[in-house]
Amino acid sequence: DGKPSGYLQKVVYILQNHTREKAEMKCPGAPRLVRANNSRIVMPRVSVIIPNYNYARYLRERIDSVLGQKETDMEVLLLDDGSSDNSIAVMQEYAKKDPRVQIIRNPQNSGSPFLQWEKGIALSSGEYIWIAEADDSAQPELLSTALQILDNYPSVSFVQVASTMINETGEHLAKDYDHWQRRGILPGNTSIYDSKTFMRMQYRRNHIYNASGVVFRREGITEEALEALREMRYSGDWLFWTILAHNKQVAEIHERLNFFRFHEQSTTHIGAYAAFQEDIRVVCSMEQKYHIPFPIRWWRRMKFMRRLGRM
C-alpha cells in the first residue's frame, strides 16, 4: 500500500525526534547535523556512513577522500565498533575541524559489520546514503557522478562505480572484479539494468563486490533489507543489494572512482562454512522470488558443490 512498515515508522520517528540528541549525549561536543533554516529543518543531501573497527591506519585517507568530494552537502557519521587502536583519536581530530562530522561509538564490538550498516542508516538523515568502508578510499568525483545518475533516473535504486584494487600499502593491484573486456564494456559508459537483468547477474555472484562503490536511495530501504543486515554476518550485503533492486533499475558507472583495499587474510574453516550456509540462503531466497532459468540454477548448484568440496 506504499506505507512504511512498522519498523521504518519507528526509524522515522527516531530521526525526527531523538536520534541526534541521543547521539550527542554519547559523543559530547559532536555537532548537530540537522540544520535549521528559517525555522525549517534542512536535511543533508547525502549521509556518508563510515563503519570502522581497528582501521586507524587508514582512517585519515578515508575521511579525507570523503570530505574532499566535489559534492559537499553531506553529513559524515563515523561509527566505531569498539576499536582497541587509536581510531577514536583520529575521528576526534576531524569532528573538531568539520561540523559535518559526528562520532558514534560502540563500547563493545558488535560482531558484525552489517549491524553497523543498520545503525548508521537509522542515525542518518540524507536523501542518499553512501557506506564508505573505513579501509577504502575514493576519487573526488565519486559522489557527484553517482548523484547525477540518481537525479536523472528516478527509478534507479542505487548506483555502482568501478573500483581500482589496492593493497594494504596503497599500491595498485592487477585484480579486476569488473571484467569490462570479457563483458564487452567500454570504460566511461554507464549501464542501466532493469530488475530482471540485474537479478540474473546478482544470482551468479554478488555483483556489488564493494559497498564503498555504491550510493543508494534512502526511500528504497525496506524492513526486509534491514532484516538481512541484522540476521547475516557474511552475506548480508548480497541479500541487501538484491532486495533494494527488486522491481527497480540499477546503474553501473564504468569509471574507476573507488579504491577497494584488498587484505591478505585467511578465513577460518568455521567462518568459511558459515559464509557458505548464508550464501545458500541468499540463493534460495532469490529462487523463490524471481524467475531464474533452470540452466543458471544448475550452474549455481555446481558452483556450490565444487566450493563445498574444497572446504
Side-chain angles (χ1 to χ4, degrees), residues 14-16 18-38 40-83 85-107 113 116-148 150 161 170 211-216 218 257-261:
I14 290 172
L15 287 172
Q16 292 177 338
H18 301 298
T19 297
R20 296 298 171 189
E21 288 78 2
K22 289 185 177 180
E24 287 171 0
M25 289 172 63
K26 294 179 181 178
C27 311
R32 289 183 64 88
L33 298 178
V34 180
R35 304 179 296 277
N37 182 10
N38 296 328
R40 183 168 56 90
I41 297 299
V42 180
M43 299 297 186
R45 191 176 188 210
V46 184
S47 292
V48 186
I49 299 167
I50 304 181
N52 170 75
Y53 178 62
N54 286 340
Y55 275 148
R57 59 194 183 278
Y58 303 125
L59 265 179
R60 287 187 176 86
E61 179 183 355
R62 168 79 281 180
I63 299 173
D64 286 342
S65 75
V66 169
L67 298 179
Q69 291 293 305
K70 291 184 176 180
E71 172 61 53
T72 60
D73 187 2
M74 66 174 73
E75 62 176 354
V76 182
L77 306 181
L78 303 177
L79 275 67
D80 186 75
D81 200 11
S83 294
D85 62 5
N86 66 324
S87 291
I88 292 297
V90 175
M91 292 178 175
Q92 289 173 340
E93 292 177 18
Y94 287 89
K96 291 177 181 177
K97 294 186 295 185
D98 197 310
R100 296 173 296 174
V101 177
Q102 181 173 336
I103 304 169
I104 301 95
R105 183 178 187 181
N106 283 346
Q116 290 296 91
W117 288 25
E118 184 197 17
K119 183 175 183 177
I121 290 170
L123 290 171
S124 64
S125 56
E127 179 183 1
Y128 303 112
I129 298 175
W130 177 24
I131 299 176
E133 302 285 2
D135 56 333
D136 297 328
S137 187
Q139 298 280 16
E141 302 83 11
L142 189 152
L143 264 184
S144 58
T145 304
L147 293 182
Q148 184 177 11
L150 289 166
V161 305
S212 295
V214 180
V215 181
F216 57 99
R218 165 182 298 282
L257 303 177
N258 181 52
F259 292 101
F260 178 19
R261 198 176 305 273

Item to complete: To the nearest 0.5 Å, tell me how far Gln102 CD sits from Leu123 CG.
Response: 7.5 Å
Response to the item:
So CG of Leu67 and CZ of Arg62: to nearest 0.5 Å the spacing works out to 10.5 Å
Worksheet entry | Trp130 side chain to Ser212 backbone, donor-acceptor under 3.5 Å | yes
Fill in: Where Ala95 and Ile103 come nearest, the two heavy atoms and their spacing
CB-CD1, 3.9 Å
Practice prompt. Begin from the C-alpha positions of Asn52 and Tyr58 and carry the test side-chain hydrogen bond (donor to acceptor under 3.5 Å, both in side chains) through to its verdict.
Written response: CA-CA 10 Å; Asn52 170 75; Tyr58 303 125; over 6 Å; no
Worksheet item: Taking atom NZ of Lys70 and atom OG1 of Thr145, what is their separation to the nearest 0.5 Å?
Response: 7.5 Å
Discussion item. When you compare the side chain of Ile63 with that of Glu93, does any pair of heavy atoms fall below 4.5 Å?
Written reply: no
Worksheet item: Just how far is it from atom OH of Tyr94 to atom CG of Asp64, taken to the nearest 0.5 Å?
Response: 3.5 Å
Item to complete: Could you tell me which non-hydrogen atom of Leu77 sits nearest to which non-hydrogen atom of Gly120, and how far apart they are?
Response: CD1-O, 3.8 Å
Practice prompt. May I ask you to decide if Arg105's main-chain N or O and Asp80's side chain share a donor-acceptor pair within less than 3.5 Å?
Written response: no
Worksheet item: Counting only N and O atoms by type, is there a donor-acceptor contact under 3.5 Å from the side chain of Ser47 to the main-chain atoms of Ser125?
Response: yes
Practice prompt. Drop me the distance from Asn86's CG to Met91's CE, to the nearest 0.5 angstrom.
Written response: 10.5 Å
Response to the item:
Smallest heavy-atom separation, Ala134 atom then Leu59 atom, equals CB-CD2, 4.2 Å
Discussion item. Donor-acceptor pair, distance only, cut-off 3.5 Å: does the side chain of Gln69 make one with the backbone of Leu143?
Written reply: yes
Discussion item. Around atom CD of Gln139, are there more than 12 heavy atoms from other residues, nucleotides or ligands closer than 6.0 Å?
Written reply: yes
Worksheet entry | Nearest heavy atoms of Tyr128 and Val215, plus distance in Å | CB-CG1, 4.1 Å
Fill in: Derivation and outcome, side-chain contact (heavy atoms from CB on, under 4.5 Å), residues Gln116 and Ile49
CA-CA 9 Å; Gln116 290 296 91; Ile49 299 167; over 6 Å; no
Fill in: Side-chain touch Ile131/Pro51, heavy atoms, less than 4.5 angstrom
yes
Practice prompt. For the pair Glu133 and Arg261, find out whether any cationic side-chain nitrogen is under 4.0 Å from an anionic carboxylate oxygen.
Written response: no
Worksheet item: Under a 4.5 Å cut-off applied to non-hydrogen side-chain atoms, are Val48 and Arg100 in contact?
Response: no
Worksheet item: Would you say the side-chain atoms of Arg218 pair up with the backbone N or O of Gly126, donor to acceptor, closer than 3.5 Å?
Response: yes
Fill in: Euclidean distance, Phe259 CZ relative to Leu142 CG, rounded to 0.5 Å
10.0 Å
Worksheet item: Do you know which two heavy atoms are closest between Pro140 and Gly68, and how far apart they sit?
Response: CB-O, 3.7 Å
